Structure formats: C-alpha cells, structure tokens
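Predicted, not measured: the structure shown is a model, and the values here were computed from it.
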Amino acid sequence: MNRIFYLICILSSLFISSCNISTKKPNKSVLIIEDFNLNHYSKNGSKLYMLDTPYSVFNQTDQSYLLNKTNIKFFDQENVKYNVNSDSAKLLNNKFLELKGNVEINDFNNNKTIIKSNNLFWDIDKSEFILEGEVSLVNNIINITSSRALFDKKDDIILFYNPI
C-alpha cells in the first residue's frame, strides 16, 4: 500500500511540475487616439505645420503612430502654403513621417499646382520630401510624370528623376 501511495505522490508531483504557468502580461503598449491633431511650432512661436487625422494608433514600444486619412497643412507666416493628404501614414519618433496611398500635395500659390504620388518620405528635421511611385505634377503650365521626385518645400523646387 505504501508503494502505491508513494507512486501516486511521485506521479502527481511530476504531473503538477510539468504544467506551464504563463506569466505573460497583456500588451498594453498600444493606444488608440481618435481625432488626433499635432501642431509643430518654430523657436519664435510661429506655426510650421499641423497634422490632423481622424484615427490613429500609438505604439509605446517603438514610439510610432499609425495614422489614417492624414492631412498636413504647412504654414508660411500664418497662411497655409501646402496641403498634403494621404490614405495612411506612419510617424516614427516624431522624426520621420511616411505617407502611403493617394498622396496629394496642393500648392496654394497663384499658379495652383498639384503633385500626386503613391508614397512620400519626410525626415522632419529637413525641408525635403522624397516622392516615389507614379509621381505627377500638374498645373496650368506643365504636366510631368516620373517614378521618383525630390521636393524641397523651403525653396519650392521639385526635382524629377527621369521625367516623362
């Protein structure tokens, strides 16, 4: 009888010790933000740009925002100079912005210019945008298409690579 009792105790202890207890914590590093609005100002207090989206997801782990239906307005002395729209975007560490899907840049100068692209990449510390994938520029004077372009919003110059 003692042998059976010891055998049951040993087998039950082996069975209990082989059980895996999961101690994983649920991932609480993602925040959903509705009506997200980000304003960026210069050192002297003038508004440089305003980013607006109806829905965003913030990942605290890698400090990134996933944005939906993004609209960015760039200002020049309190007036909107450029308006940029896209289907989606990713803002990484408030330093790098990648816009994807139906990217459209509208220029509000006398000569209404529209630049369209599939993707836009912007290092926020720089004034240049890199546009890729079916880039086109249309205004009253010109109609140019290319697969890649570099747009300098500070100098209002766009450089097309192998334009058509």
Side-chain angles (χ1 to χ4, degrees), residues 20-109 111-139 144-164:
N20 185 6
I21 299 173
S22 178
T23 58
K24 293 181 182 177
K25 295 181 181 178
N27 187 5
K28 295 188 180 192
S29 64
V30 174
L31 301 171
I32 296 173
I33 305 167
E34 293 183 6
D35 297 324
F36 179 73
N37 189 324
L38 174 72
N39 294 310
H40 186 83
Y41 295 89
S42 68
K43 291 179 182 177
N44 65 8
S46 62
K47 189 184 285 190
L48 296 175
Y49 66 87
M50 179 180 81
L51 187 145
D52 187 33
T53 183
Y55 180 82
S56 66
V57 177
F58 177 65
N59 186 333
Q60 292 176 342
T61 305
D62 66 356
Q63 297 291 306
S64 68
Y65 291 89
L66 295 176
L67 311 167
N68 189 21
K69 300 290 182 193
T70 308
N71 176 265
I72 306 170
K73 290 180 174 74
F74 291 93
F75 294 89
D76 183 29
Q77 299 181 8
E78 304 301 319
N79 296 319
V80 176
K81 184 174 182 179
Y82 299 108
N83 188 34
V84 181
N85 294 306
S86 73
D87 291 340
S88 65
K90 183 174 185 177
L91 177 62
L92 192 60
N93 291 328
N94 290 331
K95 297 286 182 193
F96 186 76
L97 183 68
E98 178 182 357
L99 301 169
K100 291 186 175 186
N102 297 317
V103 178
E104 185 174 296
I105 302 172
N106 293 300
D107 182 4
F108 291 107
N109 291 332
N111 189 10
K112 176 87 170 154
T113 302
I114 298 172
I115 303 169
K116 293 183 179 182
S117 175
N118 293 341
N119 299 307
L120 181 144
F121 304 97
W122 178 36
D123 182 346
I124 293 176
D125 294 333
K126 299 179 181 178
S127 66
E128 298 174 339
F129 299 141
I130 297 171
L131 301 151
E132 290 183 346
E134 296 182 37
V135 181
S136 67
L137 179 139
V138 177
N139 65 17
I144 297 177
T145 59
S146 177
S147 63
R148 183 179 166 102
L150 180 68
F151 176 56
D152 189 339
K153 66 181 177 55
K154 182 179 178 183
D155 296 329
D156 290 330
I157 295 174
I158 186 164
L159 174 64
F160 283 89
Y161 296 89
N162 299 321
I164 299 172

Colleague: Answer yes or no: is there a side-chain heavy-atom contact under 4.5 Å between Leu150 and Tyr161?
Modeller: yes

Colleague: Would you please name every residue forming a side-chain hydrogen bond (donor to acceptor under 3.5 Å, both in side chains) with Ser64, sequence neighbours left out?
Modeller: Asp62

Colleague: Any chance you could measure Leu137, atom CG, to Asp107, atom CG, to the nearest 0.5 Å?
Modeller: 9.0 Å

Colleague: Do you know the tightest heavy-atom contact between Thr53 and Lys69?
Modeller: OG1-O, 3.8 Å

Colleague: Using a 3.5 Å distance criterion without hydrogens, assess whether the side chain of Ser117 forms a donor-acceptor pair with backbone atoms of Val103.
Modeller: no

Colleague: With respect to Leu120, which candidate in Ile105, Ile72, Thr70, Val135 satisfies the side-chain contact (heavy atoms from CB on, under 4.5 Å) definition?
Modeller: Ile105

Colleague: Within a 6.0 Å radius of atom NZ on Lys47, are there more than 12 heavy atoms belonging to other residues, nucleotides or ligands?
Modeller: yes

Colleague: Once side chain to side chain contact (heavy atoms under 4.5 Å, CB included) is applied, do any residues pair with Ile32, and if so which ones, sequence neighbours excluded?
Modeller: Tyr55, Val57

Colleague: Do Leu51 and Leu67 pass the side chain to side chain contact (heavy atoms under 4.5 Å, CB included) test, and can you show the C-alpha distance, the side-chain angles, and the key distance before you say yes or no?
Modeller: CA-CA 10 Å; Leu51 187 145; Leu67 311 167; 3.8 Å; yes

Colleague: Tell me the salt bridge (charged side-chain N to carboxylate O under 4.0 Å, His left out) pairs involving residues 34-44, sequence neighbours left out?
Modeller: none

Colleague: List the residues meeting side-chain hydrogen bond (donor to acceptor under 3.5 Å, both in side chains) with Lys116, not counting sequence neighbours, and say none if there are none.
Modeller: none

Colleague: In sequence, state the C-alpha distance, the side-chain angles, and the governing distance for Tyr49 and Lys153, and then conclude on side chain to side chain contact (heavy atoms under 4.5 Å, CB included).
Modeller: CA-CA 12 Å; Tyr49 66 87; Lys153 66 181 177 55; over 6 Å; no

Colleague: For Lys81, give me all partners under side-chain hydrogen bond (donor to acceptor under 3.5 Å, both in side chains), at least two apart in sequence or on another chain.
Modeller: Asp156

Colleague: Would you indicate whether the side-chain heavy atoms of Lys112 and Asn106 approach each other to under 4.5 Å?
Modeller: yes

Colleague: Going by side-chain hydrogen bond (donor to acceptor under 3.5 Å, both in side chains), name the pairs with one or both residues in residues 125-139, residues two or more places apart or in two chains.
Modeller: Thr113-Asn139, Ser127-Asp152, Glu132-Arg148

Colleague: Listed by chain and number, what are the ring pair (Phe, Tyr, Trp, His ring centres under 6.0 Å) partners of Tyr65, not counting sequence neighbours?
Modeller: Phe36, Phe58

Colleague: With sequence neighbours left out, what residues match Val138 under side chain to side chain contact (heavy atoms under 4.5 Å, CB included)?
Modeller: Asn143

Colleague: Got Ile158 and Ile144 here, is their nearest side-chain heavy-atom distance under 4.5 Å?
Modeller: no

Colleague: If I take atom CD1 from residue Ile115 and atom CZ from residue Phe151, how far apart are they, to the nearest 0.5 angstrom?
Modeller: 4.5 Å

Colleague: Parallel under 30°, tilted from 30 to 60°, perpendicular over 60°: which one fits the rings of Trp122 and Phe74?
Modeller: perpendicular

Colleague: Excluding sequence neighbours, so at least two apart, what forms side chain to side chain contact (heavy atoms under 4.5 Å, CB included) with Asn44?
Modeller: Ser42, Ser46

Colleague: State which residues pass side-chain hydrogen bond (donor to acceptor under 3.5 Å, both in side chains) with Asn85; sequence neighbours excluded, sorted by chain then number.
Modeller: Asn71

Colleague: I would like to know whether Val80 and Phe75 meet side chain to side chain contact (heavy atoms under 4.5 Å, CB included); could you show each step before the answer?
Modeller: CA-CA 4 Å; Val80 176; Phe75 294 89; 3.6 Å; yes

Colleague: Who passes side chain to side chain contact (heavy atoms under 4.5 Å, CB included) against Asp52, sequence neighbours left out?
Modeller: Asn37

Colleague: Can you give the donor-acceptor pairs under 3.5 Å from side chains of residues 86-99 to other protein atoms, not counting sequence neighbours?
Modeller:
from	atom 1	to	atom 2	distance (Å)
Ser86	OG	Ser88	O	3.0
Asp87	OD2	Asn102	ND2	2.8

